[in-house]
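Reading through the structure tokens given below for one structure.
So that the names make sense, note that chain A is the first sequence line, chain B the second, and so on, each numbered from 1. Please read these numbers as outputs of a predicted model, since none were measured by experiment.
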There are 2 protein chains.
Amino acid sequence: METVGTAVDALPRPGLRERKKQRTRNALVRAALELIATRGYEGTTVDDIAAAADVSQRTFFRYFASKEEVAFFVSRLAEAHVLEAVRERPPGEAPLEVLRRAVLDSWDGINEAVERLVPLELHLRVYRMIESTPALLAAHLRRAAELEKELARLVAEREGLDVDGDPRPRILVAAFGGVIRVAERRWSTGGDVSVAAMRELLTTCLDHVGPALAENWRTNGSPVRRTET
Amino acid sequence: METVGTAVDALPRPGLRERKKQRTRNALVRAALELIATRGYEGTTVDDIAAAADVSQRTFFRYFASKEEVAFFVSRLAEAHVLEAVRERPPGEAPLEVLRRAVLDSWDGINEAVERLVPLELHLRVYRMIESTPALLAAHLRRAAELEKELARLVAEREGLDVDGDPRPRILVAAFGGVIRVAERRWSTGGDVSVAAMRELLTTCLDHVGPALAENWRTNGSPVRRTET
DNA sequence: TGGCAAGTGTCAGTGGCTGTCATTAGCCTC
DNA sequence: GAGGCTAATGACAGCCACTGACACTTGCCA
């Protein structure tokens, strides 16, 4: 078998078998997200999902290692985009700027890719479930931790540091990750769920990473609009 | 002093029933940690733990909501100590200093409390399992996230900020949490597992939180160790 | 001492997940 | 285009985490 999960080069025609698999996978994802969004994670059994996609439960587990995994299908897509964007940043750029630009620049592409799979509004509903379901939240954080680990590795590599010897890359990435999570949370709980709103949130929050570590906040002017370090 | 689990006034003496419960809970914890440390988390069934503690499986679940929970019994102890230490920091102290001092000052007390329950060496072995078992790692991160949420709340309160309106407390705490996790990881993988070594690690890592967010690391003299890959 | 409630064991059942095996269905060769 | 190969699937049995229900034991206290 040449390409396993994600499409790489579509030059050799997929073939019927491959297309069928893709269709089954998509059906499972869509069925799962729809069910989870409406009935909740715990309220949705794997049998439900399999039945909705018209396959056996056993087949579901041949496509996804766990019920969790299918819930994070969209998130995984986004992560892949961000990682790639980071890898393509020009050398010499400051670490925080690299992360910031990578996220902001890949944002539109991410949403496009997601929309091609499921309605963005559905993803939002699922995301709210993730945040409010302990088991999913835990998995989400573990995924985030893995992503941060890789980001720290990349940052350290760019800066010529040893990621295991110097704590600064990890700390920087941890702070960055905290910002992302704050933004995500606001997006999912806020009223405006548009893509533009999320971009706006991201930008605003990212602008605070630097100043947040400065001390004596109280002597600052406005809490949100602080300029320069 | 003698109440280990739930810290309330122990003035009215425990009573036989209560003491029996305490003994059962401790037996379960000890059996669980011992088994998990030796056979791994997935390699240990709840029936094993219950049998080792000489109770039924059903009784295990009356003491712990899940198999996970018993694995984090010690961690929960530590978290409670840190939170209390933070609450007792004098007002006016800078946020980062509050967190730093809270951790370092409560460190000895934590280890004393842990040692009263299980050998510290056993806890270390369990901690290594937590870090290397995906399911446990996820739970660990979720717990850490909850702790950070509370810490951010406390920091915001101290500084007179709105934790939902101002991202800085969360970002600061996220960076701090990142440091703690780096230190934990080094402690559990390093050679020196002593309490003093962990304190040393914590101190060193915490000293880097501030500088880590400064840019152009390359022009800095390196705070830890300059390595070339 | 007898009644009460807390603590426990047993049993049955649900749901996530896996191994096994027989069957179906693309694919490829001749 | 028939037949063999193998990937994909379904059906079934089984393990384990976890839960509800009910009966039984036991500390507690009037």
How close or far is atom P of dA17(D) from atom CG of L136(B), stated in whole angstroms?
12 Å

To the nearest angstrom, how far is F64(B) atom CZ from dT19(D) atom C1'?
18 Å

Scoring nucleotides 22-30 of chain C by protein non-hydrogen atoms under 4.0 Å (B base, S sugar-phosphate only, - none) yields ----BS---

In whole Å, what is the span from the CG atom of D48(A) to the C1' atom of dT14(C)?
13 Å

Return yes if some donor-acceptor pair links the side-chain N/O of Y41(B) with the main-chain N/O of S132(B) below 3.5 Å, else return no.
no

Atom pair distance, as rounded to whole Å: CZ in F61(A) and P in dG15(C):
13 Å

Rounded to whole Å, how long is the line connecting atom CD of E68(A) with atom P of dC17(C)?
7 Å

Expressed in angstrom and rounded to an integer, what is the separation of F60(A) atom CZ from dA8(D) atom C1'?
17 Å

Side-chain ion pair, E34(B) and R125(B), N-O less than 4.0 Å:
yes

Is Y63(B) near enough to dG7(C) that one of its side-chain N or O atoms lies under 4.0 angstrom from OP1 or OP2?
no

Do the rings of H140(B) and Y127(B) sit parallel, tilted or perpendicular, given the 30° and 60° boundaries?
perpendicular

Answer yes when E150(B) and R87(B) have at least one side-chain N-carboxylate O distance shorter than 4.0 Å, and no when they do not.
yes

Look at E88(A) together with R101(A) and state whether they make a salt bridge at an N to O cut-off of under 4.0 Å.
no

Listing time: all N or O pairs from protein to nucleotides 11-16 of chain D that are below 3.5 Å?
none

Short side-chain N/O contact to dA7(D) OP1/OP2 from K21(A), under 4.0 Å:
no

Quick check on R128(A): does its CZ atom have over 12 non-hydrogen neighbours (other residues, nucleotides or ligands) under 6.0 Å away?
yes

Should we say atom CD of E84(A) is surrounded by more than 12 heavy atoms from elsewhere, each under 6.0 Å from it?
no

Could you label the plane-to-plane angle of the F64(A) and F73(A) rings as parallel, tilted or perpendicular, counting under 30° as parallel and over 60° as perpendicular?
perpendicular

Bend across the helix from dT1(C)-dA30(D) to dC30(C)-dG1(D), to 10°, with axes taken over 5 pairs at each end?
10°

Return yes when atom CD of E69(A) has more than 12 non-hydrogen atoms of other residues, nucleotides or ligands closer than 6.0 Å, and no otherwise.
yes

May I ask you to say whether R170(A) pairs ionically with D164(A), meaning some side-chain N is under 4.0 Å from a carboxylate O?
yes

Between R181(B) and E184(B), is there a salt bridge with N-O shorter than 4.0 Å?
no

